Amino acid sequence: MMQRLTGYIFNLGAIMLRGFFLSLINRLLFVVLFLSVSFYASAETAMRTNFQNGVSEMVNKILNSPDSDLRVWTIAASTFLAAVTAFVYFWRFVENGGALVDLFTLAIMFMLSMSLLASYSMVVDTITGAFYAISNTLQKLALGNIKPSFLQNFVEGVLTKAISAPSVDIFDGMNMVGMALLWEICSAILSVAIYLADVWIDVGTAIAKITGVMFIPFLVAPATRGIFDGWFKFYIGWGLAAVVLKITSIVVMIMIRASINSAGSFQGAGDVIASDGTVNGVLNITANNISLLRDICAYSVIAAIMVFSCFIFAYMIGSGVGSASQGLNNMAVKLAKKAAKALL
C-alpha cells in the first residue's frame, strides 16, 4: 500500500513538474516570437523605404551607368533582333511587295522598346504604385485607415487586450497548459505569416523589376515576344499578390473578429472587438470555456493558411492576363497602316 501511495505521489509530482516546465517554455517561446515580430513590424516602414530605394538605385545604375554592360547588351540585342527581322521582312517585300506594313510595324516596335528602356523605372514604378493605390483604397473603404501593418497591430491587440488566456502554473491541468501553449503559438504563427508574406511580395517585386531590363529586347521581334509576355505576367503577378494579400488580411481580420465576438456573446460580454479592430472588452478564458480558445486557435491557423494562399489566388488571377506585347503590336500595326497609306 505504501509503495503504491509513493508511486502515486511521484507520478503526481512528475505531472506538476512537467506542467511547470511547459509553462516556462510556453512563456519563453511566446516572448521570443512576439518580440521578434513586433521589432520587424515596428521597423517595417523604414525598412521597406530603404529597400525600395536600394532597388531603384540598382536599376538606375543598370540603365544609366556609362559602364553598364547590361544596358549595352539590351541595346545590342534589340538592334540585332530588329535587324534580323527587318531582313526577313525586306526579303519578303522584294519577293511580293506585301511586307511594307510589317517593316513599319517593326520600326515602331523598335522605337517602343527603346522608349521603354529610357523610361523603364518610371513605367514599372507607376504600375507598382497603381497596385498599391488599389490596395490602400480597399483598406480605406473597409477600415477607414491605410496603416501598412494594420493586421499585425490587430493581432497584437487581440493577444494583449481582447483575450485573457488561462494563466498556467504547476496546479493547472494539462489541458489548460496545452491550450494556453497552443493559443500563443497559433497567434505567433499568424503574426509571422503576415510579416513573411509582406516581405515576400516586396522581394518578388524587386526581382521582377531588376530582371525586367533584360527582357525589353524580346519585345522587338514577333518570334520572341512570348518571352517578354512571360516576364510581364511575372511582374504583374506580384502586384496582384499585393492586392490579394491586402484583401486576404481584411478577410482574416473579419474572421478572427467574428470568432472572438461570437465567443464573447456566449459569456454575455457583447462585441469584444469593434468593426474597425478596436478592442472594447475582454474575453476571459477559464477551465469551463476552454473549448472557446480551441476554436479561436483553429481560426488563427486557418487565417495563417489564407495569408500564404494569397499567392495562389494571385497566380490564378494573373494567369488570365492577356499579352502585353500583342496589345502594343496591334497599336503599332494601326500606326504602320496609316504611315504606309500616307506614303503610297
Side-chain angles (χ1 to χ4, degrees), residues 55-66 68-94 97-134 205-240 318-344:
V55 172
S56 298
E57 182 180 354
M58 182 176 179
V59 172
N60 288 331
K61 287 181 179 180
I62 292 174
L63 295 174
N64 302 320
S65 178
S68 175
D69 294 335
L70 185 56
R71 183 175 184 274
V72 173
W73 177 88
T74 302
I75 297 176
S78 300
T79 305
F80 173 76
L81 291 174
V84 172
T85 308
F87 176 79
V88 174
Y89 287 165
F90 181 76
W91 186 261
R92 188 186 304 171
F93 175 75
V94 171
L100 184 59
V101 173
D102 292 334
L103 283 170
F104 285 164
T105 301
L106 176 62
I108 295 172
M109 291 300 292
F110 178 78
M111 288 186 290
L112 284 175
S113 299
M114 293 298 99
S115 300
L116 179 59
L117 181 63
S119 59
Y120 177 77
S121 294
M122 182 187 67
V123 171
V124 294
D125 287 343
T126 300
I127 295 174
T128 302
F131 281 115
Y132 279 110
I134 293 172
T205 304
I207 293 174
K209 181 178 179 180
I210 294 172
T211 58
V213 179
M214 298 183 295
F215 291 89
I216 293 177
F218 300 113
L219 181 62
V220 176
T224 59
R225 286 172 189 162
I227 302 175
F228 176 85
D229 288 334
W231 166 80
F232 185 75
K233 289 183 178 181
F234 173 70
Y235 177 73
I236 290 295
W238 291 110
L240 290 172
S319 61
V321 175
S323 172
S325 64
Q326 186 61 43
L328 292 174
N329 184 74
N330 292 339
M331 179 185 68
V333 168
K334 292 181 180 179
L335 294 176
K337 288 181 178 178
K338 290 182 179 180
K341 184 178 180 180
L343 183 62
L344 298 177

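Only heavy atoms go into these numbers, but all of them, side chains included; no hydrogens, no water, no symmetry mates. Note that this is a predicted model, so its numbers are computed, not measured.
- Listed by chain and number, the residues in a salt bridge (Lys or Arg N to Asp or Glu O under 4.0 Å) with K61 are E57 (sequence neighbours excluded).
- At least one side-chain heavy atom of I236 sits under 4.5 Å from a side-chain heavy atom of F131.
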Donor-acceptor contacts, no H, no angles, side chain residues 210-217, under 3.5 Å, sequence neighbours left out:
from, atom 1, to, atom 2, distance (Å)
T211, OG1, I207, O, 2.8
T211, OG1, A208, O, 3.4

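- Considering only residues two or more places apart in sequence or on other chains, A336 meets the side-chain contact (heavy atoms from CB on, under 4.5 Å) condition with V101, F104, T105, I108.
- Applying the salt bridge (Lys or Arg N to Asp or Glu O under 4.0 Å) definition to pairs two or more places apart or across chains, none involves residues 231-240.
- Among residues at least two apart or in separate chains, side chain to side chain donor-acceptor pair (under 3.5 Å) pairs with a member in residues 214-225 are R225-N329.
- Summarising the geometry, atom CG belonging to L328 is positioned 6.5 Å from atom CZ belonging to F228; distances are rounded to the nearest 0.5 Å.
- Rounded to the nearest 0.5 Å, atoms CG (D229) and CG (L219) are 8.5 Å apart.
- Scanning both residues, A86 and L106, for their nearest heavy atoms gives N-CD2, 3.3 Å.
- Applying the salt bridge (Lys or Arg N to Asp or Glu O under 4.0 Å) definition to pairs two or more places apart or across chains, none involves residues 105-119.
- Counting only residues at least two apart or on different chains, no side chain to side chain donor-acceptor pair (under 3.5 Å) pair has a member in residues 74-88.
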Report, one line per pair, each donor and acceptor closer than 3.5 Å where one atom sits in a side chain of residues 118-127; sequence neighbours left out.
from, atom 1, to, atom 2, distance (Å)
S119, OG, S115, O, 2.8
Y120, OH, K209, O, 2.4
S121, OG, N60, OD1, 3.4
D125, OD1, K209, NZ, 2.6
T126, OG1, M122, O, 2.6

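- Under a cut-off of 6.0 angstrom, the local environment of CZ in F90 is sparse, with at most 12 non-hydrogen atoms contributed by other residues, nucleotides or ligands.
- Scored by the ring pair (Phe, Tyr, Trp, His ring centres under 6.0 Å) test, Y235 finds W231 as partners (sequence neighbours excluded).
- Atom CZ of F232 sits about 10.0 Å away from atom OG of S325, to the nearest 0.5 Å.
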